[in-house]
Amino acid sequence: MTIFLTYHINAIMTQKTSAALADPSAPASSVQQDDNILRAAKLKKLQALEETGTNAFPHKFERTHKQGELQDKYAGLENGAETEDHVHIAGRVMAMRNNGMFIDLTDPSGKIQVFCHKESMEPSEFQKLDYIDLGDIIGVEGTIRRTPRGELSVRTKSITMLTKSLLPLPEKYHGMTNIEQRYRQRYLDLIMNEQSRTVLRTRTMIVRAIREFMNNMGAMEVETPMLHPIMGGAAAKPFVTHHNAFDTDFFLRVAPELYLKRLIVGGFADAVYEIGRNFRNEGVSIKHNPEYTAIEAYHSYMDYYDLMNLIEDLVRFIVLAVHGSTKIQYGDKVIDFGPPWARKSMVGLVQEETGVDFMTIETAAAARAKAAELGFKVDPQFNWGQVVEYIFAETAEHKLIQPTHVIDHPYDISPLSKLHRDNPRLTERFESYVNGWEICNAFTELNDPRDQLARFQEQVAQREGGNEESMMLDDDFVTALEYGLPPTGGWGVGIDRLVMLLTDSSNIRDVIAFPTLKPNFGNKKSAE
RNA sequence: GACCGCGUAGCUCAGCCGGUAGAGCAACUGACUUUUAAUCAGUAGGUCGUGGGUUCGAAUCCCACCGCGGUCACCA
């Protein structure tokens, strides 16, 4: 596999750098030569080790304890105390002091010091230190002690090479700080940076908590297609891909919505949810990755009032699971998920900010004129709802630091929401904002097939008018609604943003193990 | 996409009003067996992102390109 990948990348490089390689004085294998210089010392040790008859990559090592377990178990052991407690531990060599007498051995649970004293070890074991480098994975057998200076240690009896590392680790004090390299070589970032490990582990905890909450309420987790023949479920620019056997283009999904509602139509379950990736062919920023993870859920016989309560309960459950408190620190702000969240209508917030009640403005043209009067440069194509949304985003959105449900969105920006029971210019929709970010989008689902068809047709008209983010008409979805979608509430939460909030991360790439990066085949650092 | 900034040894960084490339850590050789970024002495390691240009001479000045970061606009 590795050989194949190397070959493949070299082939790409050859295409891209054929001019340079055509020069006979330019060594085609310069990358490999660099590697050989870097690896020479370690390869030499590896070969010397293998000449002693040792397997540097054995198949199995029986551990008795993890490092973290030992730190917990012996937390009360006094300085200078020796025990006869015999352990087998394993991990990566992260530091060697005093010529290998002290080794910091880490595993995912923590770190313990390995103490190699020649009077405790057979000479044949002690000599193995000569073959060990920073970065190697080793197993150690010995007894537990705490040094006079207070460091919990294993007094080594024997050492086993488990995996010989052939490349040097980054510098131990500063670690790896090059941001690009941290994302491109996440494994190195994880080895070196505790903070990176913590953030990504917290992400896993958050996803686990979401599943627990949903499963506890009886919702069924499902999977729906990521290859969509029809772009729908959200307004967004999609990726297009091609299926060879069908000779057909597919869109990578921008949202699972239309499939999940089909499952509710089918009576598969009262509530379904999907946690998965959506793909949007749009800009990349500290808050946007081309593929991002969201949960979407649909609950029959709930409306958007029920969903507001549900979202508050869910987020509190997650925050408590991760932090043990409903209050979190993000940058210099303290955010409290505990109290009931504020509920403010979008039109009302616009009125608070501008003094203008847009409900008194009937037409799109009048709305645009009023916006212009207020100093906003709105698109001449904007309809009434788009004007309201634009002014909301410009004036109010960034101020919504504490959890707030923004409710009752205009009809014409909400093509899948049910009309508001009290006002047909609005819909029963809400978006939950925290720290100025939208973290949830939810609504009482539109289930009148005649209305849905009309909304699709509006989308198609917008699409033909040049809006490539508008949805396509999904006939089969309308057909499904014609069989009958019960009254249903649906919602989606962007998990990456939520993880950013709960890990105090300022860049979405910090909460995604392998964020989307521009390929850089010509860079020798990436060509390894 | 626009603007600003960055790219020098495996890693962290100096050097940049042009004069043949420097430190610390890592590595290698040696000393040292109770260290915590261990210490001490020595050695080796770099087409200074890529390609052009100006110049007697470019890491340094200019142009283009690649990648990254930040800000802004649209999207979660």
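For clarity, every value in this text was computed on a predicted model and none was experimentally measured. Each chain gets a letter, A, B and so on, in the order the sequences are listed, and its residues count up from 1.
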*Asks:* Output yes when at least one side-chain N/O atom of A:Lys172 is less than 4.0 Å from OP1 or OP2 of B:rC25, else no.
*Replies:* no
*Asks:* With sequence neighbours left out, what residues match A:Lys164 under side chain to side chain contact (heavy atoms under 4.5 Å, CB included)?
*Replies:* A:Lys45, A:Leu46, A:Ala56, A:Phe57, A:Asp133, A:Asp136, A:Met161, A:Leu166
*Asks:* Judged by modelled atom types alone, do A:Arg92 and A:Ser165 share a side-chain donor-acceptor pair under 3.5 Å?
*Replies:* no
*Asks:* With A:Trp384, which residues qualify under ring-ring contact (aromatic ring centres under 6.0 Å, His included), at least two apart?
*Replies:* none
*Asks:* Rounded to whole angstrom units, what separation is found between the NE2 atom of A:His174 and the C1' atom of B:rC25?
*Replies:* 9 Å
*Asks:* For the side chain of A:Arg497, starting at C-beta, report the closest nucleotide among B:rG69, B:rU36, B:rA76.
*Replies:* B:rA76
*Asks:* Does a side-chain N or O from A:Thr147 land closer than 4.0 Å to OP1 or OP2 of B:rU34, or not?
*Replies:* no
*Asks:* Write down the protein N/O and nucleotide N/O pairs, taken from nucleotides 70-72 of chain B, whose separation is under 3.5 Å; answer none if there are no such pairs.
*Replies:*
from   : atom 1 : to       : atom 2 : distance (Å)
B:rG70 : OP1    : A:Asn507 : ND2    : 3.2

*Asks:* So, A:His117 and A:Ser120: side-chain donor and acceptor under 3.5 Å apart, yes or no?
*Replies:* no
*Asks:* Considering only the P atoms, how many Å lie between B:rC3 and B:rA64, rounded to the nearest integer?
*Replies:* 11 Å
*Asks:* Answer with yes or no after comparing the ring centroid distance for A:Phe239 and A:Phe251 against a 6.0 Å cut-off, counting only values under it.
*Replies:* no
*Asks:* Without decimals, in angstroms, what is the distance between A:Glu180 CD and B:rC66 P?
*Replies:* 14 Å
*Asks:* Please state the C1' separation for the pair B:rU43 and B:rA9 - nearest whole angstrom.
*Replies:* 15 Å
*Asks:* Determine which nucleotide pairs with B:rA9, using a 3.5 Å limit on both distances of a Watson-Crick or G-U wobble pair.
*Replies:* none
*Asks:* Walk me through whether A:Ser345 and A:Ile407 qualify under side chain to side chain contact (heavy atoms under 4.5 Å, CB included).
*Replies:* CA-CA 4 Å; A:Ser345 78; A:Ile407 68 172; 4.1 Å; yes
*Asks:* Return the value, rounded to whole Å, for the distance between atom CE of A:Met94 and atom P of B:rC11.
*Replies:* 15 Å
*Asks:* Who is the Watson-Crick or G-U wobble partner of B:rG1, with both distances under 3.5 Å?
*Replies:* B:rC72
*Asks:* Report the distance from atom CG of A:Asn178 to atom P of B:rG49, rounded to the nearest whole Å.
*Replies:* 13 Å
*Asks:* Is A:Phe115 touching bases, backbone alone, or none of the nucleic acid, heavy atoms closer than 4.0 Å?
*Replies:* base
*Asks:* Provide the distance between the two C1' atoms, one in B:rU50 and one in B:rU8, to the nearest whole Å.
*Replies:* 15 Å
*Asks:* When you compare B:rA37 with B:rC25, how far apart are their C1' atoms, in angstrom units rounded to a whole number?
*Replies:* 8 Å
*Asks:* Distances for protein N/O vs nucleotides 27-29 of chain B N/O pairs under 3.5 angstrom?
*Replies:*
from   : atom 1 : to      : atom 2 : distance (Å)
B:rC28 : OP1    : A:Lys45 : NZ     : 2.9

*Asks:* With rounding to the nearest 0.5 angstrom, report the OG1 to CG distance, A:Thr503 to A:Leu498.
*Replies:* 9.5 Å
*Asks:* Given that both distances must come in under 3.5 Å, which nucleotide forms a Watson-Crick or G-U wobble pair with B:rC28?
*Replies:* B:rG42
*Asks:* Suppose you measure atom P in B:rA59 against the same atom in B:rU54; what distance do you get, rounded to whole Å?
*Replies:* 16 Å
*Asks:* Using the C1' atom in both, what is the distance from B:rA58 to B:rC16, to the nearest Å?
*Replies:* 10 Å
*Asks:* In plain terms, say whether A:Glu274 and A:Arg253 are close enough for a salt bridge, that is, a side-chain N and a carboxylate O under 4.0 Å apart.
*Replies:* yes
*Asks:* Could I get the full list of side-chain hydrogen bond (donor to acceptor under 3.5 Å, both in side chains) partners for A:Lys44, not counting sequence neighbours?
*Replies:* none
*Asks:* Please pick, from B:rG67, B:rA76, B:rC75, the nucleotide with the shortest atom-to-atom distance to any side-chain atom of A:His288.
*Replies:* B:rC75
*Asks:* What's the closest nucleotide to the side chain of A:Arg97 if the choices are B:rC11, B:rA76, B:rA38?
*Replies:* B:rA38
*Asks:* Heavy atoms under 4.0 Å, any strand shown: does A:Arg146 hit a base, just sugar-phosphate, or nothing?
*Replies:* nothing
*Asks:* Does OP1 or OP2 of B:rU34 have a side-chain N or O of A:Arg145 closer than 4.0 Å?
*Replies:* no
*Asks:* Taking the side chain of A:Asn99 as its heavy atoms from C-beta onward, which of B:rC66, B:rU12, B:rC32 lies nearest to it?
*Replies:* B:rC32
*Asks:* Which value, in whole Å, describes the distance between the C1' atoms of nucleotides B:rG22 and B:rG46?
*Replies:* 11 Å
*Asks:* Rounded to the Å, how far apart are A:Arg182 CZ and B:rG69 C1'?
*Replies:* 12 Å
*Asks:* Counting only Watson-Crick pairs (N1-N3 plus N6-O4 or O6-N4) and G-U wobbles (N1-O2, O6-N3), all under 3.5 Å, who is the partner of B:rU55?
*Replies:* none
*Asks:* Sticking with atom P, work out how far B:rA26 lies from B:rA41, rounded to a whole angstrom.
*Replies:* 14 Å
*Asks:* Could you list the residues that satisfy side chain to side chain contact (heavy atoms under 4.5 Å, CB included) with A:Glu458, not counting sequence neighbours?
*Replies:* A:Tyr411
*Asks:* Could you check whether A:Glu438 gets within reach of a base, just the sugar-phosphate, or nothing at all, counting any heavy atom under 4.0 Å?
*Replies:* sugar-phosphate
*Asks:* Report the distance from atom CZ of A:Phe102 to atom P of B:rC32, rounded to the nearest whole Å.
*Replies:* 16 Å
*Asks:* Give a yes or no on whether a salt bridge exists between A:Asp379 and A:Arg368, defined as a side-chain N under 4.0 angstrom from a carboxylate O.
*Replies:* no
*Asks:* Under a 3.5 Å limit for both distances, which nucleotide forms a Watson-Crick or G-U wobble pair with B:rC65, could you say?
*Replies:* B:rG49
*Asks:* Nearest-nucleotide wise, let me know which of A:Gly175 and A:Asn98 is further upstream toward the 5' end of RNA chain B.
*Replies:* A:Gly175
*Asks:* Would you kindly give the CD-to-C1' distance between A:Glu171 and B:rA37, to the nearest whole Å?
*Replies:* 8 Å
*Asks:* Between P on B:rA73 and CZ on A:Phe376, what's the gap in Å once rounded to a whole number?
*Replies:* 13 Å
*Asks:* Reckon A:Gln113 touches a base, only the sugar-phosphate, or nothing at all at heavy-atom distances under 4.0 Å?
*Replies:* base
*Asks:* Mind checking whether A:Phe392 and A:Tyr433 have ring centres under 6.0 Å apart?
*Replies:* yes
*Asks:* Quick one: which of B:rG67, B:rU12, B:rG69 gets closest to the side chain of A:Ile179?
*Replies:* B:rG69
*Asks:* Of the listed nucleotides (B:rC75, B:rC11, B:rU34), which one gets closest to any side-chain atom of A:Pro170?
*Replies:* B:rC11
*Asks:* Which of these nucleotides, B:rC11, B:rA38, B:rC68, is closest to any side-chain atom of A:Gln181?
*Replies:* B:rC11
*Asks:* Set out, in order, the CA-CA distance, both residues' side-chain angles and the distance that settles ring-ring contact (aromatic ring centres under 6.0 Å, His included) for A:Trp341 and A:Phe430, then state yes or no.
*Replies:* CA-CA 12 Å; A:Trp341 300 6; A:Phe430 71 91; 9.0 Å; no
